[in-house]
There are 2 protein chains.
Amino acid sequence: MSKSVIAPDLVGTAACCPPLLARPITQAQADHVAPLLKALADPVRLRLLSLVAAHAGGEACGCDLGDAFDLSQPTISHHLKVLLDAGLLDREKRGVWAYYRVRTGVLASIAQLVADAPG
Amino acid sequence: MSKSVIAPDLVGTAACCPPLLARPITQAQADHVAPLLKALADPVRLRLLSLVAAHAGGEACGCDLGDAFDLSQPTISHHLKVLLDAGLLDREKRGVWAYYRVRTGVLASIAQLVADAPG
DNA sequence: CGCAGCCATAGACGGTCATCGATATCTGGG
DNA sequence: CCCAGATATCGATGACCGTCTATGGCTGCG
């Protein structure tokens with residue numbers, strides 16, 4: 001069964017340092033970061049992430065998220081799971097509802113990788 | 001097919017401003033940025049980009065790039081074309097050789113979108 | 001001109017992905 | 001205990017992606 005397990009810890013350390021444009025990244029680094037970017041590389045998931053992040057308190061209920069799209073509930077749930085498995089999102093279930101929160105640290109790592117030398 | 005035309009100008013302006021985590025991005029913005037991330041979301045293309053950027057003078061000859069991978073020459077050419085069509089790379093043909101250069105501005109736009117408010 | 005080397009394109013093939021409808025699971029309320 | 005609503009999972013399907021081999025178009029050299 002799934003649990004695609006991308007090892008967010010490894011990403012956290014591997015993606016933070018080499019700015020991609022400064023010197024050639026290793027194959028291992030590329031292999032670790034690519035799945036994260038792949039999880040991001042979808043309009044629905046980008047909007048989901050943005051919706052969650054911009055929501056009051058930094059967290060959003062799944063019941064709210066579906067309304068913004070013309071997609072079925074299983075499809076939304078699927079995209080949320082992709083973001084979850086990639087380590088870009090956190091889920092907390094309270095009662096009947098599921099609340100999502102963005103892992104801003106991972107996002108920041110990706111940005112740092114893609115960005116040119118920030119200095 | 002061919003010429004997938006992602007309108008790099010539009011991306012340049014659309015991706016620069018909203019930090020994704022600050023407020024919900026529009027569907028149009030997501031639709032414009034997702035193909036860029038998709039072009040990035042491949043280990044081979046990440047390494048290609050990094051190799052080109054880190055090369056002397058900021059440009060690299062295609063003949064050098066293939067040596068770093070266990071892939072056929074057409075496959076490398078294909079990945080370079082994907083990066084080219086996405087507007088992440090520039091190509092200049094001098095004599096027999098093709099020289100590639102990273103469009104750092106587009107990369108910076110992506111980073112700015114993904115990044116949290118830097119302040 | 002003819003050969004050799006660099007690069008791009010075309011077509012094919014297997015794998016992965018996005019989406020759906022149907023269904024299962026869980027929770028709270030009457 | 002049973003129902004209703006929220007969410008997750010399953011299985012199928014059509015589209016897309018990464019890779020290959022084969023081939024074609026260039027350029028420079030003898």
Side-chain angles (χ1 to χ4, degrees), chain A residues 1-6 27 30-31 34-49 51-52 55 59-86 88-101, chain B residues 1-6 27 30-31 34-49 51-52 55 59-86 88-101:
Chain A
M1 64 101 90
S2 31
K3 272 299 201 174
S4 49
V5 181
I6 296 178
Q27 169 149 14
D31 288 343
L36 283 178
L37 290 168
K38 203 174 229 171
L40 269 181
D42 183 283
V44 175
R45 291 197 285 269
L46 277 175
R47 289 181 60 202
L48 278 173
L49 213 66
L51 279 173
V52 171
H55 215 262
E59 74 177 10
C61 168
C63 53
D64 297 331
L65 295 175
D67 302 348
F69 303 86
D70 273 348
L71 295 172
S72 69
Q73 174 266 326
T75 299
I76 299 295
S77 187
H78 160 71
H79 284 302
L80 287 170
K81 179 173 168 44
V82 171
L83 291 170
L84 217 59
D85 287 347
L88 292 168
L89 230 48
D90 262 346
R91 170 166 57 190
E92 183 192 354
K93 205 156 186 183
R94 292 203 294 269
V96 186
W97 296 279
Y99 289 87
Y100 294 89
R101 185 175 290 273
Chain B
M1 61 116 106
S2 67
K3 280 301 200 169
S4 47
V5 182
I6 296 178
Q27 169 148 15
D31 288 343
L36 283 178
L37 290 167
K38 204 173 227 172
L40 268 182
D42 182 282
V44 174
R45 291 197 285 268
L46 277 175
R47 289 181 60 203
L48 278 174
L49 213 66
L51 278 174
V52 170
H55 214 262
E59 73 179 8
C61 167
C63 54
D64 297 331
L65 296 175
D67 301 349
F69 303 86
D70 273 349
L71 295 172
S72 69
Q73 173 266 323
T75 298
I76 299 294
S77 188
H78 161 71
H79 283 302
L80 288 170
K81 178 172 169 45
V82 171
L83 292 170
L84 217 60
D85 287 346
L88 292 169
L89 231 48
D90 263 346
R91 171 166 57 192
E92 184 192 354
K93 204 154 186 182
R94 292 205 293 271
V96 185
W97 295 280
Y99 288 88
Y100 294 89
R101 186 175 291 271

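In this text, all values refer to a predicted model and were calculated from it rather than measured experimentally. Only heavy atoms go into these numbers, but all of them, side chains included; no hydrogens, no water, no symmetry mates. Numbers restart at 1 for each chain; the letters A, B, ... are given by sequence-line order, proteins then strands.
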Whole-Å distance separating the [atom1] atom of [X] from the [atom2] atom of [N]:
X      : N      : atom1 : atom2 : result
A:Y99  : D:dA6  : OH    : C1'   : 11 Å
A:L83  : C:dA18 : CG    : C1'   : 13 Å
A:I76  : D:dG5  : CD1   : P     : 20 Å
B:H78  : D:dA22 : NE2   : C1'   : 17 Å
B:D42  : D:dC17 : CG    : C1'   : 9 Å
A:Y100 : D:dT7  : OH    : P     : 7 Å
A:W97  : C:dG28 : CH2   : C1'   : 8 Å
A:K81  : C:dA18 : NZ    : P     : 13 Å

Please determine whether a side-chain nitrogen or oxygen atom of [X] lies at a distance below 4.0 Å from atom OP1 or OP2 of [N].
X     : N      : value
A:S77 : D:dT7  : no
A:T75 : C:dC20 : yes
B:S72 : D:dC20 : yes

Selected nucleotide, minimal atom distance to [X] side chain, candidates [options]:
X     : options               : value
A:V96 : C:dC7, C:dT27, C:dG21 : C:dT27
A:R91 : D:dG18, D:dA8, C:dC20 : D:dA8
A:C61 : C:dC7, D:dT7, C:dT19  : D:dT7
B:P74 : C:dA10, D:dT7, C:dA22 : C:dA10

Quick one: closest heavy-atom pair of B:V52 and B:Y100, and the distance?
CG1-O, 3.3 Å

Smallest heavy-atom separation, B:A30 atom then A:R47 atom, equals CB-CG, 3.6 Å

Nearest-nucleotide wise, let me know which of A:K38 and A:D70 is further upstream toward the 5' end of DNA chain C.
A:K38

Go through the N and O atoms of the side chain of A:Q73 and the base of D:dA6, and report whether any donor-acceptor pair is under 3.5 Å.
no

Give one of base, sugar-phosphate or nothing for B:R94, where a contact means two heavy atoms less than 4.0 Å apart.
nothing

Toward the 5' end of DNA chain D, by each residue's nearest nucleotide, B:K93 or A:A98
A:A98

Taking the side chain as everything from C-beta on, heavy atoms only, tell me whether B:D42 gets closer than 4.5 Å to B:H79.
yes

Can you tell whether the side chains of B:E59 and B:R94 come within less than 4.0 Å, N to carboxylate O?
yes

Which residue is it: A:L83, A:L40, A:L51? I am looking for the one with a side chain to side chain contact (heavy atoms under 4.5 Å, CB included) to A:L46.
A:L40

